[in-house]
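Residue numbers run from 1 in the order of the sequence given. Given the structure is predicted, the values throughout are model-derived calculations rather than measurements. Start at 1 and go down the list; that is how both ligands and their atoms are numbered.
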Amino acid sequence: MERIVAERLFFAVWPDTATRAALRASTPPRMRGSGRPTPEEKLHLTVLFLGQMTPAARRCVESAADAVDCQAFTMKLTRIGYFPRSRVLWAGMSEVPESLAALHEALRNGARSCGCEIETHAYAPHITLMRDAPGHFPAPERVDIPWHVRFFALVASRTRPGGTHYETLRTWPLR
Ligand code: 2AM
């Protein structure tokens, strides 16, 4: 009998070179040299976390993604904040941009139509800049980083001895 290997999958958008450089520069000086900064090539924003998916479920969400008809957009990252519980330093925004919310919803509806159980709590888009970040980060800091979003990707997250590895499985252009 064929062994069914489920994979931990998510849809994400990956920043271009300019946005990546701006993100790297956005870590507040007092936080540098501590924690575990996200390597530049791993900086991303999750649009929809899918979790463990069988190959059949993956095929279904890929077909659903084929039918997504969203426009390319530019959004602004305006804040650097801190999640105390997970000790994550993040970049994000105070309100979810409409176009990003539309993409999230289109992918979520597609995943639901495949029978995937998607978490129901509110979508909180963020880019993890640093893990194990030291505390003492009282208030969000303002930044102004434009990000031109032209495509989205289906990504597998794999845990390896050296850390988490992300593999882009497929990308879709936005209109
Ligand atoms: P993180 O950077 O805050 O850990 C792969 O793990 C991606 O999915 C990461 O962007 C991660 O966010 C996000 N992620 C992991 N678990 C998640 C969950 N239960 N719900 C939403 N996003 C999740």
Side-chain angles (χ1 to χ4, degrees), residues 5-16 19-20 22-24 26-28 31-32 34-55 57-58 61-62 64-65 68 75 77-97 99-112 114-135 137 140-141 143 145 147 149-172 174:
V5 183
E7 289 203 285
R8 181 181 162 94
L9 303 182
F10 61 104
F11 284 108
V13 288
W14 240 260
D16 59 24
T19 304
R20 255 183 3 214
L23 279 167
R24 193 187 47 198
S26 70
T27 296
M31 306 288 273
R32 292 192 187 142
S34 53
R36 289 188 295 129
T38 305
E40 209 169 305
E41 71 281 2
K42 285 189 179 175
L43 289 169
H44 68 277
L45 183 143
T46 293
V47 180
L48 182 73
F49 182 75
L50 296 165
Q52 292 296 123
M53 303 283 281
T54 63
R58 172 181 160 184
V61 292
E62 284 192 32
V68 165
M75 63 182 172
L77 303 171
T78 55
R79 307 183 131 204
I80 304 297
Y82 182 68
F83 294 145
R85 198 176 289 179
S86 52
R87 303 185 72 218
V88 157
L89 181 75
W90 52 264
M93 60 287 276
S94 40
E95 274 176 35
V96 185
S99 308
L100 180 62
L103 181 58
H104 166 78
E105 217 165 293
L107 291 171
R108 194 183 60 193
N109 291 341
R112 283 200 176 133
C114 293
C116 305
E117 278 178 32
I118 301 296
E119 286 180 6
T120 49
H121 57 68
Y123 178 42
H126 65 277
I127 298 125
T128 295
L129 298 174
M130 183 187 282
R131 295 183 194 278
D132 298 331
F137 196 84
E141 294 198 0
V143 287
I145 303 174
W147 181 344
V149 182
R150 301 276 173 270
F151 68 91
F152 66 92
L154 178 65
V155 183
S157 169
R158 299 187 177 123
T159 309
R160 299 215 168 133
T164 305
H165 174 80
Y166 298 135
E167 186 190 342
T168 299
L169 304 171
R170 259 188 82 178
T171 60
W172 288 260
L174 292 165

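- Interatomic distance, Leu50 CG to Glu119 CD, rounded to the nearest 0.5 Å: 10.5 Å.
- Considering only non-hydrogen protein atoms, atom 1 (P) of ligand 1 sits nearest to Thr128 OG1, 3.5 Å.
- Interatomic distance, CG of Leu45 versus OG1 of Thr19, reported as 11.5 Å (0.5 Å rounding).
- In this structure, Trp14 contributes its side chain and Glu41 its backbone to a donor-acceptor pair below 3.5 Å.
- Of all the atoms in ligand 1, the ones that sit under 4.0 Å from a non-hydrogen atom of His44 are 7 (C), 9 (C), 10 (O).
- With rounding to the nearest 0.5 Å, the separation of CZ in Phe11 from CZ in Arg170 is 9.0 Å.
- Of the residues Tyr123, Phe152, Phe10, the one that meets the ring-ring contact (aromatic ring centres under 6.0 Å, His included) test with His104 is Tyr123.
- With hydrogens left out, the protein atom closest to atom 3 (O) of ligand 1 is His126 NE2, 2.7 Å, a heavy atom.
- Of the protein's heavy atoms, Thr46 OG1, 3.7 Å lies nearest to atom 13 (C) of ligand 1.
- The residue Lys42 has no part lying near ligand 1, judged by heavy-atom distances below 4.0 Å.
- In terms of protein heavy atoms, atom 19 (N) of ligand 1 is closest to Glu119 OE2, 3.1 Å.
- The structure places CD1 of Ile80 at 10.0 Å from CE of Met31, a figure rounded to the nearest 0.5 Å.
- Regarding atom 18 (C) of ligand 1, its nearest protein heavy-atom neighbour is Phe49 CD2, 3.4 Å.
- Closest to atom 5 (C) of ligand 1 among all protein heavy atoms lies Phe10 CE2, 3.4 Å.
- In this structure, Leu77 CG and His126 NE2 are separated by 12.0 Å, a value rounded to the nearest 0.5 Å.
- Ranking the protein heavy atoms by distance from atom 6 (O) of ligand 1 puts Arg8 NH2, 3.4 Å first.
- For Tyr166, no nitrogen or oxygen atom sits less than 3.5 Å from a nitrogen or oxygen atom of ligand 1, counting backbone and side chain alike.
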